[in-house]
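Read through the structure below, which is laid out as C-alpha cells, and then see the notes.
Chain naming here is simple, since letters A, B, ... match the order of the sequence lines and numbering starts at 1 in each.
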Number of protein chains: 2
Amino acid sequence: MTVAELSLLPHRPADRHPGGDPRSTASSEILSTVTLFPAGAEIYAEGEKCGTFYQVEFGAVRVYRLSVDGRRQILAFHLAGETFGLEPFQTHHFFAEATCATGIRMRRTAPMQDRAAEDLLPMALTGLVRAQEHLLVLGRQNSLERVAAFLLDLSERQGGLGEVELPMSRIDIADYLGLTIETVSRSFSKLRQKGIIRLSSMRSVEFVRPQCLRDMAAG
Amino acid sequence: MTVAELSLLPHRPADRHPGGDPRSTASSEILSTVTLFPAGAEIYAEGEKCGTFYQVEFGAVRVYRLSVDGRRQILAFHLAGETFGLEPFQTHHFFAEATCATGIRMRRTAPMQDRAAEDLLPMALTGLVRAQEHLLVLGRQNSLERVAAFLLDLSERQGGLGEVELPMSRIDIADYLGLTIETVSRSFSKLRQKGIIRLSSMRSVEFVRPQCLRDMAAG
DNA sequence: CGAAAAATTGATGGGCGTCAAGTCAAGTGG
DNA sequence: CCACTTGACTTGACGCCCATCAATTTTTCG
C-alpha cells in the first residue's frame, strides 16, 4: 500500500488547511506532518523499532497480533483524537493498520528522556483501563452483550450522541470481540429486529433504545 | 475475615523475623509492615479510596470485578514478589483478595507527587502487557490452550522451573480464564492423560513435556 | 473420624463456529 | 446507462465445544 503525505495544522478535521503551508505560522513547535493512510495500510509492524507517537486526526486504527495459525486478535481501536504507539519494549510487539482512510499525525519521541515519563503515564493508564474493560467483555459476555458493549464504547468515545459511525469492517469488530463475522452480523440483526438499534447505513448505527443497550452491556 | 498483622523485614519469605523488632535497624526507611491475609480475605474493595501500594511477600492475590448478575472476571493474579494497587482513579474499581494465606507489605503513596510518576510507569506498563497477553488468550484460545498458557505464565513468574505451585483454587483459575471449574478440571485431566503434565498434588503441577505445553499455548 | 468444601467425572443442551449460499454495495468498462 | 466483477455483509444449516445440571470422589479441617 502506498501512503500520501500532506502538511496540516494540528488536531481536528475542521482545522485542516490542505492548501497553505502551516509550518510558517507562529506556533511552530506543535506543528507536525499528517500522513494519510488508505484503508488497510500498515502504520507499524511487529518487530519494528518503537519511538514514535501517533495521533489519529480522522479515521481509525486497529492494533492487533496474529497467532501462529493465523488467528487475529485486535487489542484496541484508536479513533479520531486519540493517541497511541506506546509499547514498553524497544520493538513493537503488535501490528497497527488503518481500518479505513485515516489521517495520522506522527511525533518522534525523545528516546526515554526525563520529561517523557510524565506524558507517558496517562497514556499507559488509558490503555490499561481499556484493556481491563475489554477483558471483562471477552471473559464473561455472550455475543449480544459484546456487540452492545462495543457500540456503547464507540459511542462514548465519539461524543455520546445517539448515533455511532463504525470506522471499521465487521471482520475488524469480530476480531476485536473474539467472535466471527457471522456472529457479529447476526448480533446486529438481532438488535435491529428487537428495535434497539437502526442501521441507517452499513457503517452507521442509530440507538433507538439506548437504555436497552446499556442493560445488555452491563452483563 | 480477620487480619493478623506482624512486623517483618523486607522482601523474601526467608527474610522474615517474626520475633524481633525490625524498625530499630539501620535501613529504617525501606522497612514496613507485612500484613497476613488468610485465604479469601479482602485487601481492598471496589469504591474504596486508592493510595496504597502492595507487595506480595508470599501467597497470591486476585484482582477482579463482578457484573450485576454475579459473574466474576479475575483480571490479574499477583504472586510473591510482585507489586500491585495502581489504579488510575481516586477510588478502586476492583476487588482485591488473597487467594490463599498471603503476606502483603503495604506502602502508602504520597498522593501524586513529583517522583511518583517514575515509579508508577513500569508498574502501569507491566499491567498493560499482562492485560494484553490475557486478551489474546480470552479472545482466541480454546479451553486447553487457555489452561496451557496459564500454567506457562505462572511457571515463568515463579522462576521457570518444571514445576508450578498453584496458589489459587480451580474456581479462581476458571474465573481468570473465562471458563467454568468443570472445564478447567477437564482440561487438567486431559493434559494429565496425554502425559503432558503430572499433578503431584492438588496444587502442584509438574511439566512432563514442557514443549508440548508451549506448542498448545502458542495457539 | 465426620462434615463441609473442593475437585472430578458424566450426561445433556445451547451458543457460537464452520461451511455454504445468497444478497447487497461499489467500482469498472463497454 | 447497464452488464459484470469484486468484496462486504447477511442468512441458513449443521456440528462441536463448553456451560449447565447432577452425582460421586477426594481433600481439607474441625
task = Go through B:Arg170 and B:Leu179 one step at a time and tell me if the side-chain contact (heavy atoms from CB on, under 4.5 Å) criterion holds.
result = CA-CA 10 Å; B:Arg170 299 288 191 268; B:Leu179 302 170; over 6 Å; no

request  = Kindly determine whether A:Leu135 and B:Leu138 satisfy side-chain contact (heavy atoms from CB on, under 4.5 Å), including the steps that lead there.
outcome  = CA-CA 7 Å; A:Leu135 279 177; B:Leu138 294 194; 3.7 Å; yes

Could you pull out all donor-acceptor pairs under 3.5 Å where a side-chain atom in residues 124-133 of chain A meets a protein atom, sequence neighbours excluded?
unit_1	atom_1	unit_2	atom_2	d
A:Thr126	OG1	A:Pro122	O	2.8
A:Glu133	OE2	B:Arg65	NH1	2.7

Give every donor-acceptor pair under 3.5 Å between a side-chain atom in residues 43-53 of chain B and any protein atom, sequence neighbours left out.
unit_1	atom_1	unit_2	atom_2	d
B:Tyr44	OH	B:Glu87	OE2	3.3
B:Thr52	OG1	B:Arg108	NH2	3.2

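Contact check for A:Ile196 versus A:Met216: side-chain heavy atoms found under the 4.5 Å cut-off.
Judged purely by distance below 3.5 Å, without hydrogens or angles, the side chains of B:Glu163 and B:Ser200 pair a donor atom with an acceptor atom. With 3.5 Å as the limit, one finds a donor-acceptor pair spanning the side chains of A:Glu165 and A:Ser204.
Ion pairing between a basic and an acidic side chain is recognised when a charged N comes within 4.0 Å of a carboxylate O; B:Asp175 and A:Arg140 show such pairing. Salt-bridge annotation for A:Glu145 and B:Arg71: present, with a side-chain N of the basic residue lying under 4.0 Å from a carboxylate O of the acidic one. Between B:Arg157 and B:Glu82 there is a salt bridge, with a side-chain nitrogen of the basic residue lying less than 4.0 Å from a carboxylate oxygen of the acidic one.
Using cut-offs of 30° and 60° on the angle between ring planes, the pair A:His78 and A:Phe84 is parallel. Between B:Phe150 and B:Tyr176, the ring planes lie tilted relative to each other; the angle falls in the 30° to 60° range.
When heavy atoms are screened at a 4.0 angstrom cut-off, A:Ser185 is found touching base atoms of the nucleic acid. The residue B:Ser169 sits close only to the backbone: its heavy atoms come under 4.0 Å of sugar-phosphate atoms, none of a base.
From the 5' end on, the contacts that DNA chain C makes with chain B at under 4.0 Å to a non-hydrogen atom open and close at C:dA7 to C:dA11. On the nucleic acid side, DNA chain D contacts chain A at distances under 4.0 Å to non-hydrogen atoms, with the end points of that region at D:dC9 to D:dA13.
Defining each end axis of the helix from C:dC1-D:dG30 to C:dG30-D:dC1 as the rotation carrying four pairs' C1' atoms onto the next four, with five pairs an end, the two axes are found to diverge by 40° to 10 degrees.
Annotation: cation-pi geometry not satisfied between A:Arg62 and A:Phe77 (NZ/CZ under 6.0 angstrom from ring centroid, within 45° of ring axis).
Near DNA chain C, meaning a heavy atom under 4.0 Å away, there are no residues from residues 187-207 of chain A.
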